[in-house]
J.: 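Mind looking over this structure? Questions follow.
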Amino acid sequence: MANSVFHFGEVGLLGALRAPVRLQRRSAAVVLCNPLSEEANRAHRLYRVIAGELARQGYATLRFDYRCTGDSAGDEADARLDEWVEDVVTAAGEAMQRAGVDRVVLCGARLGATLAALAAATGYVRVRQLVLWDAVIEGRTYLRDLAETQVTFLREELVPHRAAQLRITDVPTEYLGLPLSASLAAAMAAIDLAAAEPLADRISVIRTRVTDEQQRLEAAWRGRPGVSFMDVPASENWNSDAALNAATVPAEVVRAIVKCIEEQNP
């Protein structure tokens with residue numbers, strides 16, 4: 001197995017496989033699930049660093065673009081949340097097949113973490129471990145955050161008299177260049193991760209800040225077997241415009257992700 005970039009699946013998903021560099025390979029493959037749109041751009045280097053660290057520890061790691069995003073097939077205007085969940089399942093199967101293993105770790109940040117959990121809840125893939133980093137828990141709150149980010153960006157770019165006319169809505173139609181159709185926004189608004197029931201041997205929830213939503217998730221999931229919560233201070237803010245050109249990543253979070261995967265998947 002070698003490092004490679006390829007298309008896979010019936011819909012033409014673009015994937016990048018990072019092969020393990022150790023002769024003694026691990027028992028599971030890892031799939032890194034992208035966050036949404038601009039957050040995915042900001043996380044690009046960070047995901048490459050995580051994949052590299054996992055490769056040094058003997059794990060095959062697959063990064064990929066959902067359909068209608070990045071370099072995968074499909075038009076952005078046709079994006080659907082349920083199809084992104086299907087893409088995670090497809091990516092899990094591809095990673096296991098290429099790595100020659102029958103176990104998979106699904107890992108993601110923000111909406112990528114949520115999509116990983118929803119994919120595990122389908123029962124269509126055997127998930128050894130979920131690693132959820134600052135997952136989106138309530139879709140309506142997330143849409144509101146996207147709307148605020150969109151309006152802030154436009155206010156900075158537009159002339160003052162036009163910027164003053166902008167208003168934040170609960171359901172944005174666009175997020176930094178990504179069109180949000182009414183059906184996609186409705187599906188996102190319906191997200192309630194605390195009510196989801198992912199099927200995984202282990203669920204590792206990593207938090208860089210403990211919000212009311214995170215506390216609600218913990219209250220709902222704490223009693224489930226195999227679930228653990230880890231609070232990790234993020235030393236670098238990967239989710240910012242400045243991070244696009246920065247050479248640093250949140251090292252504490254990277255170490256926490258690699259460590260918890262190693263502990264559960266020898």
Side-chain angles (χ1 to χ4, degrees), residues 9 13 27-36 39 62 64 66-67 79-96 101-146 183-232 253 256-257 259-261 263-265:
L13 305 177
S27 61
V30 181
V31 175
L32 297 179
C33 302
N34 278 336
L36 181 66
E39 286 188 341
L62 177 66
F64 74 103
Y66 312 111
R67 72 185 79 182
R80 290 175 46 182
L81 191 77
D82 61 334
E83 291 183 338
W84 289 346
V85 173
E86 291 176 7
D87 294 342
V88 175
V89 174
T90 300
E94 187 74 17
M96 287 188 289
V101 297
D102 62 358
R103 294 182 176 183
V104 68
V105 176
L106 299 181
C107 175
R110 302 288 290 137
L111 188 65
T114 306
L115 293 173
L118 295 176
T122 67
Y124 292 139
V125 58
R126 177 187 177 184
V127 179
R128 170 63 178 170
Q129 183 182 19
L130 280 174
V131 181
L132 311 179
W133 172 16
D134 285 343
V136 170
I137 298 168
E138 296 179 2
R140 293 189 182 280
T141 302
Y142 181 60
L143 283 174
R144 180 76 177 183
D145 291 343
L146 297 186
S183 59
L184 177 58
M188 292 171 67
I191 290 173
D192 181 5
L193 191 58
E197 296 186 0
L199 302 176
D201 295 342
R202 297 287 186 272
I203 301 177
S204 305
V205 181
I206 295 175
R207 309 178 293 195
T208 57
R209 58 193 182 97
V210 181
T211 63
D212 290 343
E213 291 179 12
Q214 289 282 1
Q215 290 178 328
R216 190 168 76 85
L217 180 70
E218 182 172 359
W221 283 14
R222 174 61 81 177
R224 299 182 185 180
V227 178
S228 62
F229 291 80
M230 185 185 309
D231 295 326
V232 180
V253 176
I257 289 173
K259 180 180 179 182
C260 74
I261 290 175
E263 288 176 346
Q264 301 299 331
N265 305 276

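In this chain, residues are counted from 1 in sequence order.
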J.: Donor-acceptor pairs under 3.5 angstrom involving side-chain atoms of residues 200-208: please list them, not counting sequence neighbours.
T.:
residue	atom	partner	partner atom	Å
Asp201	OD2	Arg128	NH1	3.4
Arg202	NE	Gln264	OE1	3.0
Ser204	OG	Gln129	NE2	2.9
Arg207	NE	Asp231	OD1	2.7
Arg207	NH1	Glu218	OE1	2.8
Arg207	NH2	Glu218	OE1	3.4
Arg207	NH2	Asp231	OD1	3.0
Arg207	NH2	Asp231	OD2	3.3
Thr208	OG1	Asp134	OD1	3.4
Thr208	OG1	Asp134	OD2	2.4

J.: Indicate the atoms forming the closest heavy-atom contact of Ala29 with Val101, along with that distance.
T.: N-CG2, 3.6 Å
J.: State, to 0.1 Å, how close Pro198 and Arg224 come at their nearest heavy-atom pair, and which atoms those are.
T.: CD-NH1, 3.6 Å
J.: Locate the shortest heavy-atom distance separating Ala119 from Val89; write the atom from each residue and the value.
T.: CB-CG2, 4.0 Å
J.: Do Phe64 and Asp87 touch side chain to side chain, with heavy atoms closer than 4.5 Å?
T.: yes
J.: Any idea which heavy atoms bring Ala28 and Val105 closest together, and the distance?
T.: CB-CG2, 4.2 Å
J.: Using side chain to side chain contact (heavy atoms under 4.5 Å, CB included), reason through Arg222 and Val227 one step at a time and then give a plain yes or no.
T.: CA-CA 6 Å; Arg222 174 61 81 177; Val227 178; over 6 Å; no
J.: For a 4.5 angstrom cut-off between non-hydrogen side-chain atoms, does Leu111 reach Glu39?
T.: no
J.: Is any side-chain heavy atom of Leu36 less than 4.5 Å from a side-chain heavy atom of Val136?
T.: no
J.: Compare every heavy atom of Ala120 with every heavy atom of Val127, then report the nearest pair and how far apart it is.
T.: CG2-CB, 3.9 Å
J.: Between CE of Met188 and CG of Leu146, what distance do you get to the nearest 0.5 Å?
T.: 5.0 Å
J.: Any side-chain heavy atom of Asp192 sitting closer than 4.5 Å to one from Arg216?
T.: yes
J.: I would like to know whether Trp221 and Leu193 meet side chain to side chain contact (heavy atoms under 4.5 Å, CB included); could you show each step before the answer?
T.: CA-CA 10 Å; Trp221 283 14; Leu193 191 58; 4.0 Å; yes
J.: Tell me if the OH atom of Tyr124 is crowded by more than 12 foreign heavy atoms within 6.0 Å.
T.: no
J.: For the residue pair Val88 and Tyr66, establish whether any side-chain heavy-atom pair is separated by less than 4.5 Å.
T.: yes
J.: Given side chains that start at C-beta, do those of Ile191 and Leu81 come closer than 4.5 Å, heavy atoms only?
T.: yes
J.: Would you give the length of the straight line joining atom CD1 of Ile257 to atom SG of Cys107, rounded to the nearest 0.5 angstrom?
T.: 4.5 Å
J.: Return the set of residues passing salt bridge (Lys or Arg N to Asp or Glu O under 4.0 Å) with Asp102 (not counting sequence neighbours), or none when no residue passes.
T.: Arg126
J.: For Glu263 and Lys259, run side chain to side chain contact (heavy atoms under 4.5 Å, CB included): C-alpha distance rounded to whole Å, both residues' side-chain angles, the deciding distance at 0.1 Å, then the answer.
T.: CA-CA 6 Å; Glu263 288 176 346; Lys259 180 180 179 182; 3.1 Å; yes
J.: Where do Pro35 and Arg110 come nearest, in terms of heavy atoms and distance?
T.: CB-CB, 4.0 Å
J.: Distance from Thr122 atom OG1 to Leu199 atom CG, nearest 0.5 Å?
T.: 8.0 Å
J.: Looking at side-chain heavy atoms only, is the closest gap between Leu184 and Trp84 below 4.5 Å?
T.: yes
J.: Going through the distances and angles, do Met96 and Val125 end up as a side chain to side chain contact (heavy atoms under 4.5 Å, CB included)?
T.: CA-CA 10 Å; Met96 287 188 289; Val125 58; 4.1 Å; yes
J.: Checking Arg80 now: which residues fulfil salt bridge (Lys or Arg N to Asp or Glu O under 4.0 Å) with it, not counting sequence neighbours?
T.: Asp82, Glu83
